[in-house]
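First up is the structure itself, then whatever we jot down about it.
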2 protein chains.
Amino acid sequence: MIDKNSPLPIYYQIQEWIRKKMDDGEWEPGDMLPSERIFAEQFNISRMTVRQAITELVNEGLLRREKGKGTFVAEKKLEQPLQGLTSFTEDMKARGFQPGNKLYEFRVTPPSRDVADALNMKKTDSVYELERVRLADNKPMALEMTSIHAGVVTNLSKDIAQSSLYNYIEQTLGLTIGHASQTLESALAGEKEAELLQIEAGDPILWISRKTHLQDGTPFEYVRSAYRGDRYKFSIHLPRSTRRH
Amino acid sequence: MIDKNSPLPIYYQIQEWIRKKMDDGEWEPGDMLPSERIFAEQFNISRMTVRQAITELVNEGLLRREKGKGTFVAEKKLEQPLQGLTSFTEDMKARGFQPGNKLYEFRVTPPSRDVADALNMKKTDSVYELERVRLADNKPMALEMTSIHAGVVTNLSKDIAQSSLYNYIEQTLGLTIGHASQTLESALAGEKEAELLQIEAGDPILWISRKTHLQDGTPFEYVRSAYRGDRYKFSIHLPRSTRRH
DNA sequence: CATGTTAATTGGTATAGACAACTATATATT
DNA sequence: AATATATAGTTGTCTATACCAATTAACATG
């Protein structure tokens, strides 16, 4: 069950084991887990290692600890957890839609004022830009404009940019992706959006922009998306606050 | 500096000490912290305790670890961090607005279908309901409808509901607040919203609903807000993903 | 000068144990 | 019957130590 000689850390193996119990429905929300000591004894590992595994799951909101009582399976989160970065494809699958993609523009160009600002670059630098319509069950869901810092993400091809950008950055370029920040706002569709999304000008649009950084803080991607207001809800889960007031 | 006999845990004292260094600007983004071993030696505590302190700050996104290199102060987050629960008041202050509040309805009533669903209650139970216009610099920013489970949050007064609900729940009732989930969507203002927000029907509105739970998962609060699309942007920070794909 | 090697330093993982603080239950005591 | 009191079980905090893996800089070698 647990392989001490595996290259995978023991605490990670424990995490997966616990996750599986929950995914399989063997452990249900409200159930109490075996105590940490029993865990440690059963797997013949240290209690601190058990704690490390459990602590991460608590931070993700999957488990809940109560001093003096025990550790419990948390109530199920509603809709999409959507903490952490999720791609449009994953997002749509989680919502039960068939994701699709219609690229109508791919170019290398100097950045516009907004993009240069967001990606912290000079006007003489270059960005890769993609424009596409995102589909859900073959009907337009969003219009998406992506700008990628060409000085950071080098030798990018159209195919890779479309399908596996993050993989390329981490696996091929050996960079590590860090945090992202998103802003959402409500607006009305203009002529361009209306046409591409097959709605009427004046219909509601949810604008989502995302800026993604490397681990060292360098911004490398800026995405502006216009989602159809009648088809899309954005969900977010806020874990209990650990901050002081 | 660190008091081993304090009722506050040592790891917490270390956290505060580090936070202060950053707040004071003594440590700036990109700076490297003393190594964990040096920390431990300096404060005469165990390295594992230092790690506990640092790990939480890393999870909050304030620090960044790199194996073999060190631990660094993370780049500053942009705009509102807004992870964790933030009140309208705090939100507006952070944006440089003067927050205001015009309550025009406070009642105890059986829940509507939607509210009963959201708060997981019977139609014969009771909820406290508040309706108010939220102001920023004395101009309407949002319309807010709050429903509070009267069986969980007992003996609520109009004043408390308006000003310090969360404090009341935790301090007076002795309950612990847990996670919340929010959804955002774009829509057009109807007659009612238009009038109260001093905009035109058909103008863009950002609908935000929040459901807040106790630590044991019981939902106790359901809030639906209509924000003026021309005045409000919602920002969110996504820490690096710890999830598998 | 370029290249490979070594050593030192860093965070990552794991151990075995200790005591504190909190909770629930059983057991006396009044 | 109600109320203390012990006690066993839980998570929370902390120690001291060990070895692993990644990075960096100094050094030796070609």
Side-chain angles (χ1 to χ4, degrees), chain A residues 1-18 30-59 62-74 170 174-176 178 214-216 240 242, chain B residues 1-18 30-59 62-74 174-176 178 215-216 240 242:
Chain A
M1 209 125 56
I2 298 299
D3 177 6
K4 289 207 180 189
N5 297 319
S6 162
L8 295 169
I10 295 175
Y11 78 88
Y12 182 81
Q13 295 180 47
I14 300 281
Q15 268 179 30
E16 292 301 298
W17 188 83
I18 295 175
D31 286 359
M32 181 173 156
L33 268 67
S35 82
E36 296 172 353
R37 283 183 173 80
I38 291 182
F39 249 123
E41 195 182 327
Q42 206 126 60
F43 289 111
N44 195 28
I45 57 178
S46 162
R47 185 182 153 219
M48 289 305 288
T49 303
V50 176
R51 279 186 68 78
Q52 186 175 3
I54 291 178
T55 297
E56 283 196 19
L57 296 175
V58 170
N59 287 339
L62 296 173
L63 299 178
R64 165 173 56 87
R65 277 191 170 125
E66 290 186 44
K67 192 196 305 196
K69 295 171 96 171
T71 304
F72 304 85
V73 178
E170 296 215 295
L175 303 170
T176 307
L214 297 179
Q215 194 172 34
D216 69 0
R240 83 180 181 297
T242 57
Chain B
M1 210 124 58
I2 298 299
D3 177 5
K4 289 207 182 188
N5 297 319
S6 162
L8 295 170
I10 295 175
Y11 78 88
Y12 182 81
Q13 296 180 47
I14 300 280
Q15 269 179 29
E16 292 300 300
W17 188 84
I18 294 175
D31 286 359
M32 180 173 157
L33 269 66
S35 81
E36 297 173 352
R37 287 177 176 81
I38 290 181
F39 249 124
E41 195 183 328
Q42 206 125 61
F43 288 112
N44 196 29
I45 56 178
S46 164
R47 184 182 156 218
M48 290 305 287
T49 304
V50 175
R51 279 185 67 77
Q52 187 176 2
I54 291 178
T55 299
E56 283 196 20
L57 296 175
V58 169
N59 286 339
L62 296 172
L63 300 178
R64 166 172 54 88
R65 276 190 172 124
E66 290 187 45
K67 197 198 301 198
K69 296 170 98 170
T71 303
F72 305 85
V73 179
L175 303 171
T176 307
Q215 193 171 34
D216 69 359
R240 84 180 183 298
T242 56

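FYI, side chains are in, hydrogens and waters are out, and symmetry mates aren't considered; it's all heavy atoms of this structure. Just so it is clear, the structure is predicted and the values come from calculations on it, not from any experiment. Quick note on labels: first sequence line is chain A, next is B, and so on, each numbered from 1.
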ask   = Using a cut-off of 4.0 Å between protein heavy atoms and nucleotide atoms, how would you tag nucleotides 4-16 of chain D 5' to 3' with B, S and -?
value = -----BBBBBBBB
request  = Only counting residues at least two apart or in another chain, list the ones meeting side-chain contact (heavy atoms from CB on, under 4.5 Å) with L8(B).
outcome  = S6(B), Y12(B), Q13(B)
Sequence neighbours left out, what passes side chain to side chain donor-acceptor pair (under 3.5 Å) with [X]? Give chain and number order.
X: E66(B); value: R64(B), K69(B)
X: Q15(A); value: E56(A)
X: T55(B); value: R65(B)

query = Among pairs that include at least one residue of residues 43-54 of chain B, which meet salt bridge (charged side-chain N to carboxylate O under 4.0 Å, His left out), considering only residues two or more places apart or in two chains?
reply = E36(B)-R47(B), E36(B)-R51(B)
Test ring pair (Phe, Tyr, Trp, His ring centres under 6.0 Å) applied to F72(A) - qualifying residues, sequence neighbours left out = none
note = F43(B) meets the ring pair (Phe, Tyr, Trp, His ring centres under 6.0 Å) criterion, sequence neighbours left out, with W17(B), F39(B)
key: chain B contact limits on DNA chain C, taken 5' to 3' with a cut-off of 4.0 angstrom to heavy atoms   = dT10(C) to dA14(C)
